[in-house]
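Structure first, then comments.
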Amino acid sequence: MEDTNSLIEQRKAKLAALRAKGIDPFQNKFTPTETCKQARDNYVESREVALAGRITAHRDMGKSMFIDIRDQSGRIQAYAQKNVLGDEQFHIFQHLDLGDFIGVKGTMFTTKTGEISVKIGGVAAAPSQPSGDGASPLPPFVILAKALRPPPAKYYGLEDTEIRYRQRYLDLIANPDVKDVMLKRSAIIHEIRNFFHERNYVEVETPAMQAIPGGAAAQPFKTFHNALGCEFYLRIALELYHKRLLVGGIDKLFEIGKNFRNEGLSRRHNPEFTMLEAYCAFGDYATMMETVESLITTVAQKVLGSLVIEHPLKCRFKKELNNSIIKLKYLHKKLIEDFNKSLINSDVTTEAYLDFNTVFSASMRELELLSHPNNKTPLNQAIQQARKSFINCSMEGNFFRLSPGMEVTKKEVDGYTEEFVSFITQILPQFDSLKNEAGAIPPESLNKVIDLTTWRRAKYNDLVTEKAGANWFTLSAAERRQKAHDMGAEIGKEFEDFEVTNAVFSKFIEPTLIQPTFVTHLPKELVPLAKLSPDDPTTVEVFECCINGQEISPGYTEQNDPIAQRTTLEHQAGGEQQKLDEDFLVALEHGMPPAGGIGIGIDRLCMMLLGQESIRDVILFPQLKPK
RNA sequence: GGGUUGGUAGCUCAGUCGGUAGAGCAGUGCCCUUUUAAGGCAUUGGUCGAGGGUUCGAGUCCCUCCCAACCCA
């Protein structure tokens, strides 16, 4: 970023001016007595405090001035007065910029309007200061770090998604909701660690650079170690090293770490993502089901204080949503008024069309803001409907192409009038329904609610027949293929029968599993690395825990038969010996205790718990193409 | 990989048939000692994502490319 503009130049000039006065606006240290929040919480009139933070707003009153100071805990208002600071200091204070870090010393007070604030200055010199003739009092404020670039706007926040992701620090400054999500993510991971430590699990760290990337079927990233002169891969799973540790006698272990998969990016996929894996010797998949349920409910309770999680229509834009609805209501009213007026006068001029056009454009904009394809709420559907109608009308209607000063014949005007009347007639009911939807439905019921108090357990085949018909498994393979195709599933030509069924599961069942569901008794073909169910050898002892329409966590009774494991791994490697992790197989041959294992995608768990629709909104620095 | 939408001032956004580049906030200057999206007056600020093309003239039309978001695979 080499761009320069006048705003940066101005700030650099201010920096130079400060330096010329012998002030270094980049300090090494400042010790606040407390955080901004603590100062407000422990309010005592006239109590002396020292606070530090970033200046996020200022209100200049001439001979006095208010600023907002913000640290991680929150904001507090500070008040500076010319007759307290003196002309010189007050002048410097007035020329502070938004974004500067400042430390202030002063006393607490409450303003006329009742806001708890700190009055800068008026604090006696600290005893530790060198005393004597020239003992200078503590400076009432210290510039701790001058910001040379302007911060994002205070009111609108930062909307540009690209800047939000590329310069996340600006996002964190401008959008408090974003910071809240990221802090909660940290709390979630903290509570996950607590959970396992309390259950006497050992936290381990295993190699991220692996000679043979195993434990999952995914494309790895490749790298090269110069000194060793060989290639390494970034891990795609933690599993195989954890099992080596089970062999080594670490019976209960977990790891939270990054996995890397060289595949596509999407709303749910980041090339590097955080994975939790945990293994429990002498347990099985049922043990792990209990663990997952207990883990997620414990974390939700501790971090969110509730087991009922609401996903707002669009978390971050809640404020904008409310504003948009208000604007829409206004526009709706205006449309009706204008329309009635034009009907009464029955002489519609070009200017009147232009007014309509303006209202129309503004309406379109609001609808676009409100539209979010990921939301299937009734309100959103009404919005999509209204948008479609708008677009159709704009395609057909000529009245949008009128402009000021344009000469129009009577005949044309009549034609446009007719078009416009038909357009309005068509669109008004939609506006009405939209208004009613927005007005009548309480905001809570627009939200998706995930209830973690009830965890359903369902067999894979039962879920399939529920959706695809009771006769699904009695059909011939060809009939199943046809039916899946008719239902709209994408069926590859080379798909085996179980893959056809699974395509139906992935497309039509998994997305509907919003409430916590353990899908069990998966067909053995689907999960070749798991152990067969003793009660039904066509299925395996595996669960997939689905919440929020996504698989959050798979769990296994782990394969500990080295010969069976070798066969499946060889089959997976497709005869390519170099892809076979021989060292792992040797470990198994030394004997691995029976064990249950789970993996949990932390990013997706955070999406679910924090109501975020995109994985990028729970990762501080999501991967983007370099500019 | 395919489709859709978008990229205009530091930020949020307008920009109508192709005809001198706009607003609010931020910034700068002046006024104002309890304001809080402070207020009043004045004012600065742009390679309109990049590069070609059409045109007397392009933010606007055409082509190519870059970046992003969303949808699909």
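A, B, ... follow the sequence lines: proteins, then strands. Residue 1 opens every chain.
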Any strand is fair game: report the nucleotide pairing with B/C17 by Watson-Crick or G-U wobble, both distances under 3.5 Å, or none. none
Taking B/U33, B/U36, B/A69 as options, the one with an atom nearest any side-chain atom of A/L624 is B/A69
Complementary nucleotide for B/A23 - Watson-Crick or wobble, under 3.5 Å: B/U12
Pairwise P distance, B/G24 and B/G40 [rounded to whole Å]: 11 Å
Closest to the side chain of A/K14, out of B/U28, B/U35, B/C70, is B/U28
Side-chain donor/acceptor of A/Y79 to base of B/U35, under 3.5 Å: no
Distance between C1' atoms of B/U8 and B/C67 (Å, rounded): 16 Å
Report which part of the nucleic acid A/Q77 touches: base, sugar-phosphate, or nothing (heavy-atom distance under 4.0 Å, all strands). base
Determine the Euclidean distance between corresponding P atoms of B/A9 and B/G46; express it in Å to zero decimal places. 11 Å
How far does the C1' atom of B/U64 sit from the matching atom of B/G22, given to the nearest Å? 30 Å
Which comes earlier along RNA chain B counting from the 5' end, the contact point of A/V84 or that of A/T113, where each point is its nearest nucleotide? A/V84
What's the gap between B/U54 and B/A58 when it is taken at their P atoms, as a whole Å value? 11 Å
Now, which nucleotide makes the Watson-Crick or G-U wobble pair with B/G59, with each of the two distances under 3.5 Å? none
Looking across every strand, which nucleic acid part, if any, lies under 4.0 Å from A/D68 by heavy atom: base, sugar-phosphate, or nothing? nothing
What is the base-pairing partner of B/U4, counting Watson-Crick and G-U wobble geometry with both distances under 3.5 Å? B/A69
How are the rings of A/F221 and A/F260 set relative to one another: parallel (under 30°), tilted (30 to 60°) or perpendicular (over 60°)? perpendicular
From the candidates B/U34, B/C67, B/A69, the one with an atom nearest any side-chain atom of A/K119 is B/U34
Between B/C48 and B/A23, how far apart are the C1' atoms? Round to whole Å, please. 16 Å
Kindly point out which of B/A73, B/U33, B/C70 is positioned nearest to the side chain of A/M61? B/U33
Regarding B/U34, can its base be found pairing with the side chain of A/E115 as donor and acceptor, where the two atoms are less than 3.5 Å apart? no
Ignoring hydrogens, what is the shortest heavy-atom contact between A/I450 and A/I547? Give both atom names and the distance. CG2-CG2, 3.8 Å
Closest-nucleotide ordering on RNA chain B, the 5'-leading residue of A/R616 and A/R11: A/R11
With a non-hydrogen cut-off below 4.0 angstrom, is A/I163 in contact with a base, only sugar-phosphate, or nothing? sugar-phosphate
Could you work out the separation of B/G18 and B/A42 based on their P atoms and round it to a whole Å? 35 Å
Which whole number of Å gives the distance between the P atom of B/G19 and that of B/C61? 11 Å
Select one nucleotide: of B/G45, B/U34, B/C70, the one nearest the side-chain heavy atoms of A/S6. B/G45
